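Single-structure report; data block below.
Chain letters run A, B, ... following the sequence lines, proteins first, then strands; residues in each count from 1. Since the structure is predicted, the reported quantities are computational estimates derived from the model, not experimental observations.
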There are 2 protein chains.
Amino acid sequence: MTYAKTGWTTLADPTRRTIFERLVERPCSVSELASALPVSRPAVSQHLKVLKDAGLVADTPSGKHRIYRVDQAGLAALRTELDQFWSKTLAAYKLAVEQPPEEQ
Amino acid sequence: MTYAKTGWTTLADPTRRTIFERLVERPCSVSELASALPVSRPAVSQHLKVLKDAGLVADTPSGKHRIYRVDQAGLAALRTELDQFWSKTLAAYKLAVEQPPEEQ
DNA sequence: CTTACGCGTCAGTGATGACTTACGCGAAAA
DNA sequence: TTTTCGCGTAAGTCATCACTGACGCGTAAG
């Protein structure tokens with residue numbers, strides 16, 4: 001079992017997490033995001049590409065600007081991922097707690 | 001705002017994620033885990049240390065063995081982290097969708 | 001008491017990823 | 001048409017991290 005670039009792993013990076021949370025508040029351009037973060041504009045662009053590849057954001061051209069916004073489908077997929085992880089984890093954990101392993 | 005080593009970032013690593021999921025199923029020793037994973041025993045030991053530092057697992061000595069198990073308090077904290085992330089994200093997203101930014 | 005086992009840690013290696021500067025292309029402004 | 005702006009990408013650098021083999025300590029077995 002491998003863990004592809006999902007929402008979870010994509011958002012584990014602090015800079016990407018911050019970018020995503022700003023886009024949750026409202027759509028932004030690269031320059032807007034770059035001016036609010038302690039990294040360069042190409043770094044923001046690179047992170048946005050990762051977020052886009054993970055399906056978490058989408059962009060649309062607007063004149064010279066490209067506006068990035070949260071992708072609702074990607075948000076739903078992230079929610080599903082979190083829910084599935086939790087359901088599976090809780091189920092297995094409860095099973096393990098309720099049935100201690102037999103003495104071997 | 002920085003993102004410390006929390007459950008989220010800790011479990012973004014595939015090997016640590018797998019180790020954690022195995023411990024959810026049942027407590028294990030380092031050797032048990034190492035025999036089931038494609039990495040060496042010291043690597044498993046190092047990952048367990050990271051999981052322990054994040055509060056996700058705890059260990060108890062059992063003869064020569066150390067048995068690692070999921071820390072219920074850490075599980076609860078992870079659940080809280082996921083819930084808080086989601087609540088905050090949904091609230092901000094709904095606010096953004098409902099009130100498009102004014103023309104500036 | 002001696003030997004074997006489990007495992008934490010150290011030191012070293014290599015890959016990866018985050019960042020930077022520079023470049024070039026497309027769109028808007030002048 | 002020319003200049004300016006926004007931004008994606010290339011190439012390079014550096015820090016971090018995941019991994020390995022070796023070592024040494026504590027516990028159990030002989």
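- Of all nucleotides present, only C:dC19 satisfies the Watson-Crick or G-U wobble test against D:dG12, with each distance under 3.5 Å.
- Nearest to the side chain of B:Ser31, among C:dC7, C:dT9, D:dT20, sits C:dC7.
- Among the heavy atoms of the strands lying under 4.0 Å from B:Pro42 is at least one base atom, whether or not backbone atoms are also near.
- At distances below 3.5 Å, at least one donor-acceptor pair connects side-chain atoms of B:Ser29 with backbone N or O atoms of B:Glu32.
- At least one side-chain nitrogen or oxygen of A:Arg16 sits closer than 4.0 Å to the OP1 or OP2 atom of C:dA18.
- Put simply, CG on B:Leu75 and CH2 on A:Trp86 are 4.0 Å apart, with the number rounded to the nearest 0.5 Å.
- Atom CD in B:Glu32 sits about 11 Å away from atom P in C:dG6, given to the nearest Å.
- The base-pairing partner of D:dG30, taking Watson-Crick or G-U wobble contacts with both distances under 3.5 Å, is C:dC1.
- In this structure, B:Asp13 atom CG and D:dT16 atom P are separated by 17 Å, rounded to whole Å.
- In this structure, B:Ile19 places its CD1 atom 13 Å from P of C:dC7, rounding to the nearest Å.
- Look at CZ on B:Arg66: it is 12 Å from P on D:dG26, rounded to the nearest Å.
- Hydrophobic clustering (side-chain heavy atoms under 4.5 Å, transitive across Ile, Leu, Val, Met, Phe, Trp, Tyr) keeps A:Leu48 apart from A:Ile67.
- A straight line from CG of A:Leu33 to P of D:dG6 spans 14 Å, rounded to a whole angstrom.
- Distance B:Asp59 CG to D:dT27 P: 14 Å, rounded to the nearest Å.
- Contacts of B:Arg41 with the nucleic acid, taken as non-hydrogen atoms under 4.0 Å apart, include base atoms.
- The A:Gln46 side chain lies nearest to D:dA11 when the options are C:dC7, D:dA18, D:dA11.
- Formation of a donor-acceptor pair under 3.5 Å by the A:Ser87 side chain with backbone atoms of A:Gln84 is not found in this model.
- Between the CG atom of A:Leu48 and the C1' atom of D:dG6 there is a distance of 13 Å, given to the nearest Å.
- Not a single donor-acceptor pair under 3.5 Å links the side chain of A:Arg41 to the backbone N or O of A:Ala34.
- Closest to the side chain of A:Val30, from the set D:dT9, C:dT9, D:dC7, is D:dC7.
- Just one residue in the list B:Val50, B:Val24, B:Leu78 forms a side chain to side chain contact (heavy atoms under 4.5 Å, CB included) with B:Leu56, and that residue is B:Leu78.
- The listed nucleotides are D:dC7, D:dA18, C:dA27; the one nearest the side chain of A:His65 is D:dC7.
- At D:dC19, one or more side-chain N or O atoms of B:Thr15 fall inside 4.0 Å of OP1 or OP2 (strictly under the cut-off).
- Of the candidates C:dC7, D:dC19, D:dC7, the closest approach to any side-chain atom of A:Ser29 belongs to D:dC7.
- Nearest-nucleotide assignment on DNA chain C puts the 5′-proximal partner with B:Lys64, out of A:Gly63 and B:Lys64.
- As rounded to whole Å, 14 Å separates atom C1' of D:dC5 from atom CD1 of A:Ile67.
- Considering only side-chain atoms of A:Val39, the nucleotide from C:dA18, C:dT20, D:dC19 that sits closest is C:dT20.
- Nucleic acid contact for B:Ser40: base, since at least one base atom lies under 4.0 Å from a heavy atom of the residue.
- Nearest to the side-chain atoms of B:His47 among the listed nucleotides D:dA10, D:dC7, D:dC19 stands D:dC19.
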